[in-house]
Amino acid sequence: MTTALEVRSVSKNFGALAVTQNVHLSLERGARHALIGPNGAGKTTLINLMTGLLKPDQGSIILAGRDVTSFSQEARVKHGLARTFQINQLFKGLTVIENVALSISERRMHGHDFWSPAWTKSDVLDEAMALLEQLKLESDALVPMQQLPYGRQRLVEIAITLGQQPKVLLLDEPAAGVPSAESHIILDAVDALADDIAILIIEHDMDLVFRFAKSITVLVRGEVLVEGTPDEIAQNAEVKAVYLGEKVNG
Amino acid sequence: MTMSEVQPPSLPTNSPKVSPTQYMHDRVRWRLSEALPWIVAVGAFWVFPNYLVLGTQMIIMIIFALSLDLILGYAGIVSLGHAAYFGVGAYTTGILSAHFGWNEPLSGLLMGGMVAGVFGFASGWLLLRYHGLALIMLTLATSIMLYEFANVAEVWTGGFDGLLGITIDPIFGIFESDLWGKTYYWYSLFVLFLVFLAVRRIVYSAFGRGLVGIRENTKRMHAIGSPVHQRLVTIYVISTIIAGFAGALFAQSTAYVTLDVLSFSRSGTVVIVLILGGVGRLYGAFIGSIIYMIIEDELSRISPEFWEFGLGLVLVLVVMFFRRGLLGAAEDAMKRIRGASS
Amino acid sequence: MPQFLEAAISIIFDGLAYAMLLFVISVGLSITMGLMGFVNLAHGAFAMAGGYVTVSLMNGLGVPFLPSLGLTFVSIALISIPLERLVYAPLYKATDLDQVLLSIGLVFMAIGAVTFVYGPSPPSVQMPEFLKGQIDLGFKVFPSYRFFVILVGFLMIFLLWFGFERTIIGAKIRAAVDNRSMAQSIGINVDRLFILTFAMGSGLAGIGGGMAIEIVGLSPTFAINYLVLFLIVVVVGGLGSLRGAFLAAIVLGIVDTAGKYIWPEGGAFFIYVVTIAVLLVRPDGFFGKEHVQ
């Protein structure tokens, strides 16, 4: 079984508005896939459908060969599907290391233990520290989240997700709001992730997309317009017309 | 989101000398200053022998406020109906004694907590799916419904006139209740101590950190696979058991239960007490209860409307200027003094 | 006439009068909460204050009942403006809990101050002759004051409906309730709009307080005793919804009256059962906008 995540003919309507129409998408193990499209194409909706924040009206979501369409968000996370958010979703009142440790502790099912002091006996903190080192955040470990600069908060956003040891990782505009001079730090961090993790990235910065992705899906008005390698997408006349044309206008 | 004012303890930040593990250990370790409330409580027994009845009521309020701090301060659940569980605890213990002659105090106390916990489980399981204003209104309506129900169930509760005929056996079969409230002072203090030990452990556990996670960002907790509803129900049940203990102690120490134990004003009072002392910081419940009850005692001796006006003014000022409560304000002041001297 | 039918008519009539009172007081709260999302528990205090203004005008200055209600509206509306600017405005972005606590603090201050001035016992006022009698509808006799209250209620809903649906300001308010940032971005001054709505809503609550004297009685603790009912009307109806508040007031007014008629000791029970049931099924109330996470 090499397909990590499969979206099978999924549709979703908000009232009369069809935000996702019969979308097929498949991520192989170790995939580096980008999902692009103009604003309002339904990219974040598609991620929400994959993670279970939304339920599709039709179609199914297959995670590592198992139909998880009826699974809750939590259950899908337990089966290896993790995401980051376009807008930071952090634990602002906690320190950086606690943000990451919380995620690791939930993965290891320590969250039910209401008696022993948190994370002092196991190596949760060591693992959290290792993750922070991987993202070059180790010097910020004890800094309260609120005091961290935005670019580094963006890295913590990813670190929390990595604490889940995902098999499939969905990155919703990881470099959003980060000055372009610094966005390579985030992409380097993503690049350095283990080869067997399937990664789906939503990104507006085409330089980042073409540098990172091995395959690309273009979504327009909730439908898949075309899917292919970066070269194929770059050469595709339809994409130029619809997507790039709109980008120039917008 | 809810209470980002409550910051993690201000231990050395950025200092390479403290490892994260050390930091976690340091946080849980008992500090010397933590002995202070207990020294004060024990000392008060000899210093204020005429105020032991008031002292007992303060201790009961502290227990009740601690129970609210677990859900409000740590998990971010705003409830305007927490008196429901205080009242269920009080009526359980009272009815067991008045109607069934179950006068043994320790088992009566336990029963009060357990029955409150059962109510807490039922309502928490149903209500904790809701958020924001809907949740506030649901907790409020649930508690008033219980109030009206207790009013109607006159046969059991004594209705508006209150439940009479509660007699409590000597504690451990030895310590009789006395006119000055000495016995119940020690008894309540002992219960408070046990409750506090439990609450302190829960707060610093992985479960407790998870609750703070829910308070700070529920959406993210879902996204890291945390069973949020189950966690909330668990802490709600623990909290309602403790509130039930507080109510049971109240019934035992006054040997009289009125509808007031279930009232909206009691739900409001405990929230105010906690806000006054400081939310989500364990000792806020202590400071808040003591200050509140002293001011209440003093001001309402002048006249009830002074008390009402003063309480309102304090609330407005706390919310507008000292949002982190008296303890938080004291902490900030200390920081400023230290900052100026270094 | 069969006894059952007679009872039903009494319940509907009395329930309607009660409902209109609830509506007049609650509607302002609903709109302001929909507009700014401010959980204002002090709204009942405005009603209570309005009641005492009416009492002072009538008993102190000898102003007749109807002009007193008008003056009450104006004075409560005026008092509420500086309060909104100085105390409420700084907390618009605060949490529900902060708003609840601040406004409950204001309630306590109001109760303390009014008790200090007027004492704790309920005041009474002399109603004009035409409101004292009974009106005979052929099959049954009804107190004319309740007719008056129902009349005022329907007049208010008509005026509000007109103001909301047929005027520019109403359109702006509706736009701002629906989507505040969008309204702001097309140049609507939401702050000014809110001051206006807040003042109108408080003034209406004041009138409600004046009318309440002869129906449910007035005392300083009116501000807190009926607070829960006003909140229920707002939340069950749905924040910011005129028809929601109207429908909720009628449902709750009639349920409460019927409950107390059928079962005098335990009647207050029903209204909370209905509230919980409605909120469990529709957490945003009858006509509240759904919160998309």
Side-chain angles (χ1 to χ4, degrees), chain B residues 1-5 72 76 78-80 123 126-127 129-138 140-149 151-154 159-160 218-219 222 264-265 268 271-272 275-276 279 299 303-320 323, chain C residues 33 37 39 41-42 45 86-87 90-91 94-117 119-120 220-221 224-225 227-228 231-232 234-236 239 263 265-276 279-280 282-285 288 291 293:
Chain B
M1 46 142 235
T2 333
M3 259 157 272
S4 45
E5 300 89 344
L72 177 67
V78 182
S79 167
L80 276 187
S123 65
L126 197 62
L127 301 189
R129 296 159 200 280
Y130 300 88
H131 318 270
L133 190 58
L135 180 60
I136 294 180
M137 291 306 294
L138 281 167
L140 179 59
T142 307
S143 74
I144 300 181
M145 196 173 75
L146 269 182
Y147 178 96
E148 296 294 342
F149 181 76
N151 188 20
V152 175
E154 213 172 321
F160 194 75
T218 311
K219 192 175 177 185
H222 281 291
F264 170 52
S265 75
V271 176
I272 292 169
I275 297 295
L276 200 61
V279 175
L299 281 188
S303 90
E305 57 262 32
F306 264 71
W307 160 235
E308 225 140 22
F309 189 87
L311 174 64
L313 189 64
V314 167
L315 257 184
V316 171
L317 292 179
V318 164
V319 174
M320 293 190 85
R323 185 53 190 81
Chain C
M33 275 174 75
V39 187
L41 300 198
L86 296 176
V87 184
L91 265 83
T95 59
D96 285 351
L97 178 65
D98 280 351
Q99 299 174 346
V100 161
L101 289 165
L102 175 93
S103 51
I104 226 166
L106 293 177
V107 173
F108 285 135
M109 288 173 74
I111 293 177
V114 170
T115 313
F116 186 73
V117 178
T221 52
I224 207 150
N225 294 346
L227 169 70
V228 176
L231 275 175
I232 285 177
V234 170
V235 175
V236 166
L239 304 188
W263 187 22
E265 306 86 35
F269 194 70
F270 293 113
I271 200 164
Y272 300 104
V273 177
V274 170
T275 301
I276 292 172
L279 289 184
L280 287 180
R282 296 190 63 92
D284 298 307
H291 287 92
Q293 285 207 334

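Letters A, B, ... are given to chains in the order of the sequence lines, protein chains preceding strands, and every chain is numbered from 1.
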Segment of B:Phe264 engaging chain C (4.5 angstrom heavy-atom cut-off)
side chain
Closest contact, heavy atoms only, B:Met320 versus C:Leu86
CE-O, 3.7 Å
Do the non-hydrogen side-chain atoms of B:Ile275 and C:Leu97 ever get within less than 4.5 Å of each other?
yes
Please classify the contact between B:Ile136 and chain C as side chain, backbone, both or neither, with a heavy-atom cut-off of under 4.5 Å.
side chain
Taking all non-hydrogen atoms of both residues into account, name the closest pair between B:Phe309 and C:Met109 and its distance.
CD1-O, 3.2 Å
Listed by chain and number, what are the side chain to side chain contact (heavy atoms under 4.5 Å, CB included) partners of C:Phe270, not counting sequence neighbours?
C:Val255, C:Trp263
Least distance between heavy atoms, B:Ala134 atom then C:Pro283 atom:
CB-O, 3.6 Å
Per-residue contact mode, C:Val107 against chain B (heavy atom under 4.5 angstrom)
neither
Less than 4.5 Å apart, side chain to side chain, heavy atoms only: is that true for C:Val228 and B:Leu140?
yes
Which pair of heavy atoms, one from C:Ile276 and one from B:Ala141, lies closest together, and at what distance?
CG1-CB, 3.8 Å
Hey, could you give me the OG/CZ distance between B:Ser265 and C:Phe108, rounded to the nearest 0.5 Å?
7.5 Å
Apply side chain to side chain contact (heavy atoms under 4.5 Å, CB included) to residues B:Leu315 and C:Ile104 and explain how you reach the verdict.
CA-CA 8 Å; B:Leu315 257 184; C:Ile104 226 166; 3.4 Å; yes
Let me know if B:Leu313 has heavy atoms under 4.5 Å from chain C in its side chain, its backbone, both or neither.
both
Is it the side chain or the backbone of B:Phe160 that comes within 4.5 Å of chain C heavy atoms, both, or neither?
neither
Honestly, the part of C:Val236 sitting under 4.5 Å from a heavy atom of chain B is neither
Under a 4.5 Å heavy-atom cut-off, does chain C meet the side chain of B:Ser303, its backbone, both or neither?
neither
Measure up the C:Phe269 and B:Phe149 rings against each other and bin them: parallel (under 30°), tilted (30 to 60°), perpendicular (over 60°).
tilted
Do B:Met145 and C:Val273 come within less than 4.5 Å of each other through their side chains, counting heavy atoms only?
yes
B:Leu80, part contacting chain C, at a heavy-atom distance under 4.5 Å:
side chain
Any side-chain to backbone donor/acceptor pair from B:Tyr130 onto C:Leu280? Under 3.5 Å, distance only.
yes
Would you give the length of the straight line joining atom CD1 of C:Ile232 to atom CE of B:Met137, rounded to the nearest 0.5 angstrom?
5.0 Å
Can you say whether B:Leu133 sits under 4.5 Å from chain C via the side chain, the backbone, both, or neither, judging by heavy atoms?
both
Interface moiety of C:Ile271 toward chain B, non-hydrogen atoms closer than 4.5 Å:
neither
Structural part of B:Leu127 lying under 4.5 Å from a heavy atom of chain C
side chain
Apply the side-chain contact (heavy atoms from CB on, under 4.5 Å) test between C:Leu101 and each candidate in B:Val271, B:Val316, B:Leu276; give the one that qualifies.
B:Val271
For C:Val234, side chain to side chain contact (heavy atoms under 4.5 Å, CB included) partners two or more places apart:
C:Ser26, C:Leu29, C:Ser30, C:Met33, C:Leu239
